[in-house]
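First up is the structure itself, then whatever we jot down about it.
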Amino acid sequence: MKRIEVVAAIIRMGDRIFATQRGYGDWKDWWELPGGKVEEGESPQEALIREIREELDTEISIDKYLTTIEWDYPQFHLTMHCYMCSLLSEALHLNEHEAARWLGADELHTVNWLPADEILLPMIAAEL
């Protein structure tokens with residue numbers, strides 16, 4: 001089975017986190033944490049800073065490592081390194097996603113999360 005290594009930013013502002021809605025691919029319209037693939041030679045942290053810059057035109061601070069999720073999708077195995085982050089600039093621009101929302105702990109289940117991201121919800125709620 002194909003293996004993909006990605007990073008995810010749990011961008012926190014106060015008691016909310018930033019969620020994005022996919023605008024492409026097999027999982028179009030599902031919700032996820034922003035991030036993306038780790039390229040050869042990159043550390044997960046370097047990949048996360050690059051991906052957020054590309055996807056959201058913003059800069060983040062990586063505040064702490066939260067967990068790594070292992071998940072089997074039908075076409076590939078996903079390894080997703082997840083980090084709690086904060087914005088260094090409040091400017092955000094959606095370059096790849098069709099929508100975004102700031103969600104509080106009581107709103108985390110109001111969107112249709114990708115399966116691997118959904119596993120994180122109890123951990124995210126505990127952080128908020």
Side-chain angles (χ1 to χ4, degrees):
M1 178 178 278
K2 182 178 174 181
R3 301 180 69 80
I4 298 176
E5 183 180 13
V6 301
V7 287
I10 305 159
I11 301 172
R12 179 180 180 171
M13 185 180 293
D15 63 352
R16 298 183 176 281
I17 61 121
F18 192 70
T20 53
Q21 187 178 28
R22 290 178 66 89
Y24 56 90
D26 292 341
W27 297 89
K28 183 182 182 319
D29 297 329
W30 289 65
W31 288 75
E32 65 183 352
L33 296 164
K37 291 182 185 173
V38 178
E39 293 180 357
E40 192 172 328
E42 277 185 319
S43 71
Q45 295 88 347
E46 291 168 334
L48 191 57
I49 289 169
R50 176 187 52 75
E51 284 287 345
I52 297 305
R53 192 177 294 135
E54 290 173 3
E55 289 184 8
L56 301 173
D57 276 341
T58 197
E59 301 294 327
I60 57 167
S61 166
I62 299 174
D63 302 325
K64 80 174 192 178
Y65 167 78
L66 186 63
T67 193
T68 296
I69 300 292
E70 301 284 346
W71 186 264
D72 287 326
Y73 282 97
Q75 298 88 1
F76 59 90
H77 175 82
L78 180 76
T79 299
M80 182 170 65
H81 308 291
C82 308
Y83 295 86
M84 297 298 299
C85 301
S86 52
L87 292 173
L88 296 176
S89 162
E90 290 189 24
L92 288 166
H93 183 266
L94 299 180
N95 292 327
E96 296 182 19
H97 297 91
E98 62 185 46
R101 290 179 55 191
W102 287 98
L103 302 172
D106 60 337
E107 301 169 301
L108 292 175
H109 294 282
T110 63
V111 298
N112 190 25
W113 291 96
L114 288 170
D117 292 64
E118 190 168 20
I119 294 170
L120 288 165
L121 298 184
M123 289 178 261
I124 292 171
E127 292 287 328
L128 297 178

Item to check | Closest non-hydrogen atom pair, L56 against I11 | outcome: CD1-CD1, 4.1 Å
Next on the checklist: Tell me if the CD atom of E90 is crowded by more than 12 foreign heavy atoms within 6.0 Å.
Outcome noted: no
Checklist entry - Does T58 reach the main-chain N or O of S89 with its side chain, forming a donor-acceptor pair under 3.5 Å? => result yes
Next on the checklist: I need the minimum non-hydrogen distance between C85 and I60, along with the two atoms involved.
Outcome noted: SG-CD1, 3.8 Å
Checklist entry - Same cluster for L114 and L94 if Ile/Leu/Val/Met/Phe/Trp/Tyr side chains link at under 4.5 Å? => result no
Checklist entry - Out of curiosity, E118 CD to W31 CH2, how far, rounded to the nearest 0.5 Å? => result 14.5 Å
Item to check | Shared hydrophobic cluster for L120 and V7 (ILVMFWY, side-chain gaps under 4.5 Å) | outcome: no
Item to check | Atom NZ of K2 with >12 non-hydrogen neighbours under 6.0 angstrom | outcome: no
Checklist entry - Are any non-hydrogen side-chain atoms of Q21 and D29 less than 4.5 angstrom apart? => result yes
Item to check | Test item: V6 and V38 side chains (from C-beta on) under 4.5 Å apart, heavy atoms | outcome: no
Checklist entry - How many angstroms lie between CD in E127 and CG in D15, if you round to the nearest 0.5 Å? => result 13.5 Å
Item to check | I17 with L121, same ILVMFWY side-chain cluster at under 4.5 Å | outcome: yes
Item to check | Side chain proximity check, T110 to R101, heavy atoms < 4.5 angstrom | outcome: yes
Checklist entry - If two hydrophobic side chains count as joined below 4.5 Å and joins carry through other members, does I119 share a cluster with Y83? => result no
Checklist entry - What heavy-atom pair brings T68 and T79 nearest, and what distance separates the two atoms? => result CG2-CG2, 3.7 Å
Next on the checklist: Using side chain to side chain contact (heavy atoms under 4.5 Å, CB included), reason through D26 and Q75 one step at a time and then give a plain yes or no.
Outcome noted: CA-CA 10 Å; D26 292 341; Q75 298 88 1; 3.9 Å; yes
Checklist entry - Got F18 and L92 here, is their nearest side-chain heavy-atom distance under 4.5 Å? => result yes
Checklist entry - Hey, does the side chain of D57 reach the backbone of N95 with a donor-acceptor pair shorter than 3.5 angstrom? => result no
Item to check | Contact summary for L78 and A116, nearest pair of heavy atoms | outcome: CD2-CB, 3.7 Å
Checklist entry - Between E54 and R50, is there a salt bridge with N-O shorter than 4.0 Å? => result yes
Checklist entry - Knowing that exactly one of E55, E32, E96, E98 qualifies, which makes a salt bridge (charged side-chain N to carboxylate O under 4.0 Å, His left out) with R22? => result E32
Checklist entry - Is any side-chain heavy atom of M13 closer than 4.5 Å to a side-chain heavy atom of L87? => result yes
Next on the checklist: What verdict does the side-chain hydrogen bond (donor to acceptor under 3.5 Å, both in side chains) test give for H81 and Q45, after you've listed the backbone C-alpha separation in whole Å, the side-chain angles of each residue and the deciding distance to 0.1 Å?
Outcome noted: CA-CA 9 Å; H81 308 291; Q45 295 88 347; over 6 Å; no
Checklist entry - What orientation do Y24 and H97 show, parallel under 30°, tilted 30 to 60°, or perpendicular over 60°? => result tilted
Item to check | Taking every non-hydrogen atom, the tightest pair across P34 and I52 | outcome: CB-CD1, 3.7 Å
Next on the checklist: Are M123 and I10 packed together at the side-chain level, in the sense that at least one heavy-atom pair is separated by less than 4.5 angstrom?
Outcome noted: no
Checklist entry - Taking atom CG of L66 and atom CE of M80, what is their separation to the nearest 0.5 Å? => result 10.0 Å
Checklist outcome for this item: Scanning both residues in full, the closest heavy-atom pair of E42 with A47 reads OE1-CB, 3.3 Å
Item to check | Within one Ile-Leu-Val-Met-Phe-Trp-Tyr cluster: Y65 and I124, side-chain cutoff 4.5 Å | outcome: no
